[in-house]
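Here's the structure, in structure tokens; my notes come after.
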Amino acid sequence: MRIHWHRRDLRVADNRGLAGDNIEAGEGPVLPAFVFDPAVLAHAGPPRVAALLEAVSELRDAYRERGSDLVVARGDPQTVLPTLADEFGAERVTWNRDYTRLGRKRDAAVREALDDAGVERAAVHDAVLHEPGTIRTNDGDPYQVFTYFWKKWRDREKSPAVDAPAPAALADVEDDTPVPTLADLSVDEPAASLPTVTSTAARERLADFCAEDIYRYEDRRDYPADGCTSRLSQHLAYGTIGIREVYEATEEAYARSDSDAERESVREFQSQLAWREFYTQVLWFNPSVVTENFKTYENPIEWRSDPEGLQAWKDGETGYPIVDAGMRQLEAEAYMHNRVRMIVASFLTKDLLIDWRKGYDWFRKRLVDHDTANDNGGWQWAASTGTDAQPYFRIFNPMTQGDRYDPDAEYIREYVPELDGVPADAIHSWHELDPGTREMHAPDYPAPIVDHAERREAALAMFEAARGED
DNA sequence: AGTTTTTTAGG
DNA sequence: CTAAAAAAC
């Protein structure tokens with residue numbers, strides 16, 4: 001018997017480790033298991049733990065429908081897994097590889113514990129189409145620039161989705177250990193209304209997206225009021241859908257297109273999948289990026305300490321409407337539109353001049369779809385500390401961005417009720433209205449807490465100093 | 001995956 | 001004079 005240890009691959013279909021793809025999977029049935037690891041849970045906020053519980057419950061249902069069960073345990077995996085192997089007489093444990101620093105440390109400890117217990121084990125690449133290290137520059141180095149990575153990624157052959165294991169391949173077991181509740185795990189009920197994070201929801205979403213919105217994606221993905229993005233991020237974060245299945249659906253959409261514009265739009269979406277894998281390989285080769293700048297400047301960057309500014313940012317009370325709308329969407333839905341993520345990240349780092357780590361930590365606790373590689377890559381990009389760091393090109397003007405991507409202020413008004421009924425042109429020129437006019441339009445909405453033009457200069461000076469120039 | 005300033009074109 | 005394009009940062 002083999003145990004498949006589920007982590008961020010909470011599905012039965014298109015699961016390479018579960019299917020025993022490309023590994024010596026051994027004889028006998030597969031016993032699926034999930035371990036609630038306090039160290040991992042401590043790292044997540046309520047939205048992510050709630051989503052995890054939902055996904056694990058549905059996974060268990062899927063196994064029960066197949067006449068098997070998901071064994072649920074709690075504790076440190078390095079002690080739990082050898083115990084489970086012993087209890088069920090499993091001679092082998094498999095899992096899908098985790099590319100984060102924390103995950104790799106945990107997996108190394110589990111490897112050692114299983115070796116000590118005389119249990120065989122194998123880790124499988126599953127979460128990405130092209131595993132870290134397989135796409136390199138012609139000199140053999142991992143890519144640090146997306147464009148060239150993308151060209152190779154796009155042209156390389158992809159492996160197909162793998163089938164769910166047949167019921168006969170699964171262990172005939174029953175486990176009456178309940179999936180823990182939030183209370184069992186001492187985690188608060190999330191304040192946000194969360195998306196459904198299950199394989200069923202993921203498949204529906206993928207099918208819907210590929211039927212229609214994928215063809216508008218290129219033109220409309222940056223308009224947060226449009227809602228034509230895939231909304232697959234939480235599913236990719238938990239693995240409630242497999243990446244090969246996602247890719248195949250986009251290829252089918254490509255085959256159905258009847259114009260170059262539609263084909264380009266599908267490719268544009270696929271490039272977003274490639275961004276995910278680009279940042280995954282950046283993280284794999286540079287595990288310290290979770291806490292350190294990817295790019296080293298001559299001198300340390302002199303980020304400011306501004307607890308009030310940070311709090312206003314978190315609360316969505318900065319007086320910059322698009323920034324506040326984004327931060328309030330995060331609070332309400334544990335989610336934020338990607339364009340707005342860039343805007344609020346630029347605002348924190350380039351207007352408030354606050355260290356990106358403060359923002360990254362907030363996102364990590366709040367976002368239901370948090371993914372270390374993506375979020376860290378995004379934050380370091382915005383902060384000009386990541387790959388392709390460009391201080392001059394990465395200072396967003398929050399008014400211009402709002403005006404350009406939410407021209408009718410539809411998105412802004414949805415999340416900032418104080419601005420309900422205020423004309424779009426007043427919203428987009430909020431920073432230059434005189435206090436009396438602001439008071440007249442929206443007495444409860446704050447004035448801008450900083451002057452963007454001034455802070456833009458300060459940000460440039462901060463990077464000049466870091467670069468060691470006068 | 002940008003913004004601001006300067007230059008040029010057009011009425 | 002405005003608006004679009006190009007250049008600079």
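Remember, it's a predicted structure, so these values are computed and weren't measured experimentally.
With Trp379(A) as the aromatic partner, Lys358(A) does not meet the cation-pi criteria of under 6.0 angstrom to the ring centre and within 45 degrees of the ring axis.
If you take CZ of Arg467(A) and C1' of dC9(C), they are 10 Å apart, rounded to a whole angstrom. Computed from coordinates, the Arg341(A) CZ to dA1(B) P distance equals 18 Å when rounded to whole Å. Distance His452(A) NE2 to dT4(B) P: 5 Å, rounded to the nearest Å. What separates CG of Asn374(A) from C1' of dA1(B) is a distance of 14 Å, to the nearest Å. A straight line from CD of Glu457(A) to P of dC9(C) spans 13 Å, rounded to a whole angstrom. Between the CZ atom of Phe463(A) and the P atom of dG2(B) there is a distance of 17 Å, rounded to whole Å. To the nearest angstrom, C1' of dT3(B) lies 12 Å from NZ of Lys350(A). As a whole-Å value, the separation of Gln390(A) CD from dG2(B) C1' is 10 Å.
Contacts of Gln401(A) with the nucleic acid, taken as non-hydrogen atoms under 4.0 Å apart, involve only primed sugar atoms and P, OP1 or OP2. Nucleic acid contact for Arg404(A): sugar-phosphate only, since backbone atoms but no base atoms lie under 4.0 Å from a heavy atom of the residue.
In terms of phosphate contacts, Asn338(A) brings no side-chain nitrogen or oxygen within less than 4.0 Å of OP1 or OP2 of dA1(B). Applying the 4.0 Å criterion to OP1 and OP2 of dG2(B), one finds that Arg339(A) has a side-chain N or O inside that range. Tyr405(A) has a side-chain polar atom (N or O) that falls below the 4.0 Å cut-off from OP1 or OP2 of dG2(B).
Shown here is Asp163(A), whose CG atom has no more than 12 heavy atoms of other residues, nucleotides or ligands within 6.0 Å.
Each of Trp313(A), Phe396(A), Phe347(A), Trp430(A) was scored for a ring-ring contact (aromatic ring centres under 6.0 Å, His included) with Tyr320(A), with one residue passing: Phe347(A). Across Arg97(A), Arg244(A), Arg16(A), a single residue satisfies salt bridge (charged side-chain N to carboxylate O under 4.0 Å, His left out) together with Asp126(A), and that is Arg244(A).
Of all nucleotides listed (dT3(B), dC9(C), dA1(B)), dC9(C) comes nearest to the side chain of Phe393(A).
Using a cut-off of 4.0 Å between Lys/Arg side-chain N and Asp/Glu carboxylate O, Arg263(A) and Asp260(A) are scored as salt-bridged.
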